[in-house]
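What follows is a set of notes on a single structure, which appears directly below.
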Amino acid sequence: MLGLVFAMAQTPDGYLWVGGSFGMFRFDGLRFVPWQPPTGQSLPSNPYALLVSRDGTLWIGTFNGLVSWNGIELTRYPQIPNGFVTSLFEDRDGTVWAGLLGERGRLCAIRAGQAQCSMPEGGFGQFVWSLAEDKSGALWVGADSGLWRWKPGTPQRFETPGVRVGDLSTTADGQILIGIRGAGILRVDGDRLVPSPMRSAAKPDEWLPDRDIKANKLLRDRDGGLWIGTEGHGILHLQEGQADAFTRADGLSGNIACSLFEDREGNIWFGSEKGIDRFRKLPVTTLSMQQGLPNDGTKSVLATKDGSVWVATGEGLARWKGARPTVYRERDGLPDARVQSLHQDADGRLWVSTGRGLAYFANGRFVAVSGVPSKEVYSITGDGTGDLWLSGNEGLSRLHKGRFAENIPWAALGRRQQAKVVVADRGGLWLSFWQDGGVLYFKDGKVQATYTPAEGLGAGHVAGLRLDADGAVWAATEEGGLSRIKDGRVTTLAVGNGLPCNTVHWSTLDDDGSLWMYASCGLVRVLRDDLAAWIADPSRRVATKVWGAADGVPLLALTPAYFNPPVAKGPDGKLWFVSGADVQVIAPDHLPFNPLPPPVHIEALHADHKPYAVENGLRLPPLVRDMTIEFTALSLVDPKSTRFRYRLEGHDNDWQEAIDRRQATYTNLPPGNYRFRVKASNNSGVWNEEGAQLEFAIPPAFYQTTWFRLAGAILLIGLAWSAFQLRLHMRIRRLHRQLEATLEARIAERTRIARDLHDTLLQRFHGLLLQFQAALNLLPDRPRESRQILAGAIDHAAEAITEGRDTVQGLRTSALDTDNLADALRALAEELANESGHAASAHVEVQGTPQALHPLVRDETFRIAGEALRNAFHHADAKQIRVEIGYDERQLCVRVRDDGRGIDPEVLRAGEKQGHFGLSGMRERAELVGGKLAVRSGLETGTEVAFSAPASQAYSRPVPARSWFLHKKFAPSEVGE
């Protein structure tokens, strides 16, 4: 994508700028983004040289001129119209210098926005290729015609006959250093140039021939190391007399150096013909054959009391005590160069197991020990009596005074496989196992204790075992974390307590007392105070620091060391450990620390998939549904370790953590003013608390405005009030209709009764009055006839009294002294039976659950049933009368049956008897309450009067319905009256 990488530079905002054959790119640590100037501006051509001056300006030297970028606009320099700018440099005075290639090479100085170009007497030749400044402030120019000391004073030329000056840098003490293409490296010594030799990285005892260096680019880093980019041989690094070489075979993108650059965090960037590479100072150093190991297959590592560190490999034993190791093989007494486990006993003697037996080190040579039955020895330890114990494939072996004494088969310990680690305490042995896992304590010839997950030990293979100064045993398990056994009690430090993973290969302590673990997720550290707090309270969480693949630590799912020990602490406090095939070193007291908080930037905002300019005061359209804000932090050391926290003020109540992403997404934000804030930390946990922020607003849609909501609220209140008024009006009208109906019924009833009184009772009284007058007139002359007239009048008076009593009975406002219809009808039947003097009996039966009746329905039902009862008692000559009251969920039904003489069919067809209003009155009452009346009768077969009314009109509260709806309890005001 980048093509040839010609130059790199870093602006104060943290972005890395890359100029290549495909144009300009901006890099944030994860993404290369092509860069184009604002609309209407353009680069003269592709970039070749880049420089960021101390005022933050980005200078871009192209194949066809020079421009500068201040973050807003490009500035062109017409004094350099068509020159190929090969190099850019800012001196200590702030002058920017540009070297040009053309028909005649020129050197241009840019001061106060003006460029002034010049050439020395005799000229630069066709080009000025490189620029540098030594510690005295002298400006040096590498040109076609040789090396020039340009200022101060008169320019001075240093001839380089037959060779071409490449790049310029400085020595460790600040003197100028010259890379000669194809002829090594030179330095200035007085008035002449002398060779500056360097040793071979592959063979440190040999000097590299000048012709093999082929220096193309030079860089002196802040730690004094020299980086040499070559033409075809990759890159060389010289640091404190040690040389390292990197080529495409080592993973480098290309072997031809095009550029070198050091960023503000100390990363070294190498631009090649095929891409870009980054070198950074790792906390973990890997040692290989290039540093003197006999083989890259490391088996175990041990630090001895004399300050040596011994590394066992598959092709010899390396002893580190200085810059380069000493290697021991068969010629030095080892039974075999395939070295396995290591141990130093209480007397300081070094013991080594190999593929062909055991040996110890004495007087500079190894002495073999015979008799050990195992061909593989996985772990060696020594007890308090001076005996040596070996865990081998054939059993647990004991050596007494350096001689084989006994071998205990693993089956005797109840195990199917050998112990992974064996560690001696003052009285016995602790053993850990691969197969079946677990830890056991062996003492006095038998197993004294066994610890498994049932006792709280971590699950899985126990790959590591360590005894600390307090007598506690630490067991590293491959599924359950790190367990601690003390006084028979097991506590386990696992993911639930803050560990990043549960697969632990081994543990150790550094000089400060901090706990280090090699786990499947990397190298893990728990500080001393945090560890002590966890020991005191095993439920406590610990804070950890993890070094992973980005720090040079291989991530391994299984234990990296088959033999023991896998880790050792050197005399200088450094930890040496086996990590698969390699041995690695970390200095706990000299860990790289990045003190620079990363610059934070908000790069983009998309709303409903449309991009918007990132600027404060941004107004988004109403009704935004999906919004994404992209941000970044410019820490180039380990971008994947960068952590983010963001918060949208006006929406988020607290800071949100962003893990493995550099964007925040929001949906359906309500209208309002917002401020988005984001903070970031670098790989060392240093936070940029100021971070970056963006203020924006989402205006409301018309129906989200305050006036619309107010209008809507007023409308809703108006509608509610109108609905209330309508309901109240309808309620009043219903009550009014009910009252009118009740009054009309009462008036109709009184009218009927008045008519009855007028048509019957009064007329009878008037007839009686006439009879009495006639009797009075006849009494003196015709007493006999007068007597007959008085007798007839008495009979008529009795009938009038009966009719009057019936009429008065109908005048009652309510026939019920109680709401119980059945009791009221029973009382009426008893009263009628006493009046009639007949031997008739009435039986009242209730069917269903009695319900409270509407008062009007109750009264009219009583009158209808009462009229039927009076007819049965007074006129039908009935012997049996039966009243049935049915409370059905659909209707109220009342039936009155008798076995009397019945009703004349003519009267039944006519609906009433001439001069009587009983039947017609019952029908009127039934219609008044919305009910139905049915009368069935025959001569001498009795009469049945049936009245029914719908439940909704008859009952004063709803009848429970067979429905899935919940029943509602109505207030009295909701029941029609």
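Note that the coordinates shown come from a computational prediction; the quantities given were computed from them, not determined experimentally.
Considering only heavy atoms from C-beta on, Arg278 stays 4.5 Å or farther from Val637 through its side chain. When side chains are defined from C-beta on, Thr247 does not count as touching His233, because their heavy atoms never get closer than 4.5 Å. Thr544 places a side-chain heavy atom less than 4.5 Å from the side chain of Pro500. Using a 4.5 Å cut-off on side-chain heavy atoms (C-beta onward), Arg645 and Glu657 make contact. Two residues are said to be in side-chain contact when any heavy atoms from C-beta on lie closer than 4.5 Å; Val439 and Leu431 fail this criterion. With contacts defined as side-chain heavy-atom distances shorter than 4.5 Å, the pair Thr285/Gln584 does not qualify. By the 4.5 Å heavy-atom criterion applied to side chains, Asn682 and Trp687 are not counted as neighbours. Within the 4.5 Å cutoff, the side chain of Leu350 has no heavy atoms near those of the Asp345 side chain.
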- [ ] Just do the side-chain contact (heavy atoms from CB on, under 4.5 Å) check on Lys321 and Asp306 with the steps written out, would you?
- [x] CA-CA 9 Å; Lys321 196 176 182 181; Asp306 64 353; 4.2 Å; yes

TODO: Dump the intermediate steps for side-chain contact (heavy atoms from CB on, under 4.5 Å) on Leu575 and Thr508, then the final yes or no.
DONE: CA-CA 9 Å; Leu575 300 181; Thr508 190; 4.2 Å; yes

- [ ] With salt bridge (charged side-chain N to carboxylate O under 4.0 Å, His left out) as the test, would you mind laying out the steps for Arg528 and Asp510 before giving the verdict?
- [x] CA-CA 9 Å; Arg528 176 186 58 191; Asp510 63 17; over 6 Å; no

- [ ] Evaluate the side-chain hydrogen bond (donor to acceptor under 3.5 Å, both in side chains) criterion for residues Arg466 and Ser507: first the C-alpha distance (whole Å), next the side-chain angles of each, then the deciding distance (0.1 Å), finally the verdict.
- [x] CA-CA 7 Å; Arg466 175 176 60 86; Ser507 70; 3.1 Å; yes

Task: Chi angles and distances behind the ring-ring contact (aromatic ring centres under 6.0 Å, His included) call for Trp310, Tyr328 - done: CA-CA 10 Å; Trp310 299 79; Tyr328 297 86; 5.6 Å; yes

Task: Intermediate values then yes/no, side-chain contact (heavy atoms from CB on, under 4.5 Å), Val309 and Val585 - done: CA-CA 11 Å; Val309 177; Val585 183; over 6 Å; no

- [ ] Go through the steps to decide whether Glu479 and Asn502 satisfy the test side-chain hydrogen bond (donor to acceptor under 3.5 Å, both in side chains), and finish with yes or no.
- [x] CA-CA 5 Å; Glu479 294 180 25; Asn502 272 339; over 6 Å; no

- [ ] Please report the C-alpha distance between Thr298 and Thr313 in whole Å, then the side-chain angles of each, then the deciding distance to 0.1 Å, and finally whether the side-chain hydrogen bond (donor to acceptor under 3.5 Å, both in side chains) criterion is met.
- [x] CA-CA 4 Å; Thr298 307; Thr313 76; over 6 Å; no

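Here the side chain of Asp589 pairs no donor or acceptor atom with the backbone of Gly573 at under 3.5 angstrom. Side-chain atoms of His505 come within 3.5 Å of backbone atoms of Leu556 as a donor-acceptor pair (strictly under, hydrogens ignored). Between the side chain of Asp244 and the backbone N or O of His237, no donor-acceptor pair lies under 3.5 Å. Judged by distance alone, with hydrogens and angles left aside, the side-chain atoms of Arg484 form no donor-acceptor pair with the main-chain N or O of Val473 at under 3.5 Å. The backbone N or O of Arg248 lies less than 3.5 Å from a partner atom in the side chain of Asn255, making a donor-acceptor pair. Side-chain atoms of Thr477 come within 3.5 Å of backbone atoms of Gly481 as a donor-acceptor pair (strictly under, hydrogens ignored). For the pair Asp551 (side chain) and Gly548 (backbone), a donor-acceptor distance under 3.5 Å is present. Looking at Asp223, its side chain never comes within 3.5 Å of a backbone N or O of Gly225 through a donor-acceptor pair. Formation of a donor-acceptor pair under 3.5 Å by the Arg264 side chain with backbone atoms of Leu596 is not found in this model.
A tilted orientation is assigned to the rings of Trp534 and Trp474, their planes being inclined by 30° to 60°. The aromatic rings of Tyr360 and Trp351 sit tilted relative to each other, their planes meeting at an angle between 30° and 60°. Ring orientation note: the planes of Tyr562 and Tyr378 are nearly perpendicular, at an angle over 60° on the 30°/60° scale. Aromatic ring pairs are classed by plane angle as parallel below 30°, tilted from 30° to 60° and perpendicular above 60°; the pair Trp506 and Phe577 is tilted. Relative orientation of the Tyr441 and Trp430 rings is tilted, given thresholds of 30° and 60° on the angle between their planes. Using a 30° and 60° split on the angle between ring planes, Trp547 and Trp516 fall in the parallel class, below 30°.
Ser483 and Thr492 share a side-chain donor-acceptor pair at under 3.5 Å. In the model, Thr632 has a side-chain atom that pairs as donor or acceptor with a side-chain atom of Arg662 under 3.5 Å. Neither side chain, Asn564 nor Ser341, offers a donor N or O lying under 3.5 Å from an acceptor on the other. A side-chain donor from one of Ser308 and Arg319 sits under 3.5 Å from a side-chain acceptor of the other.
With respect to Arg489 and Asp487, no salt bridge is recorded, no charged nitrogen being found less than 4.0 Å from a carboxylate O. Ion pairing between Lys569 and Asp511 holds under the 4.0 Å rule for side-chain N and carboxylate O.
Between the CD1 atom in Ile228 and the CG atom in Leu219 there is a gap of 10.5 Å [rounded to 0.5 Å]. Between the CD atom of Glu265 and the CD1 atom of Ile268 there is a distance of 12.0 Å, given to the nearest 0.5 Å. To the nearest 0.5 Å, the span separating CD1 on Ile235 from CG on Asp277 amounts to 8.5 Å. Here the CG atom belonging to Leu555 is positioned 11.5 Å from the OG1 atom belonging to Thr503, to the nearest 0.5 angstrom. Atoms CZ and NZ, from Arg525 and Lys545 in turn, are 8.0 Å apart once rounded to the nearest 0.5 Å. The CG atom of Leu636 lies 11.0 Å from the OH atom of Tyr15; values are rounded to the nearest 0.5 Å.
Surrounding NZ of Lys640 are at most 12 heavy atoms belonging to other residues, nucleotides or ligands under 6.0 Å away. The number of heavy atoms from other shown groups lying within 6.0 Å of CZ (Arg661) is above 12. For NZ of Lys679, the number of neighbouring non-hydrogen atoms (other residues, nucleotides, ligands) closer than 6.0 Å is greater than 12. Atom CD of Glu690 sits in a sparse spot, with 12 or fewer heavy atoms from other residues, nucleotides or ligands closer than 6.0 Å.
Taking the six-membered ring for Trp and the full ring otherwise, the centers of Trp227 and Phe270 sit at least 6.0 Å from each other.
Residues Gly229 and Leu260 share a closest heavy-atom pair of N-CD1, 3.8 Å. Scanning both residues, Ala424 and Asp383, for their nearest heavy atoms gives CB-CA, 3.8 Å. Taking all atoms of both residues into account, the shortest heavy-atom contact from Asp250 to Phe246 is OD2-CA, 3.4 Å. For the residue pair Val686 and Pro595, the shortest heavy atom distance occurs at CG1-O, 3.8 Å. Minimum interatomic distance between Asp336 and Glu330 (heavy atoms only, all atoms of both residues): OD1-OE2, 3.6 Å. Of all heavy-atom pairs spanning Ala633 and Thr642, the tightest one is CB-CG2, 3.8 Å.
Geometric assessment of Arg280 against the ring of Trp269 yields a negative cation-pi assignment under the 6.0 Å and 45° thresholds.
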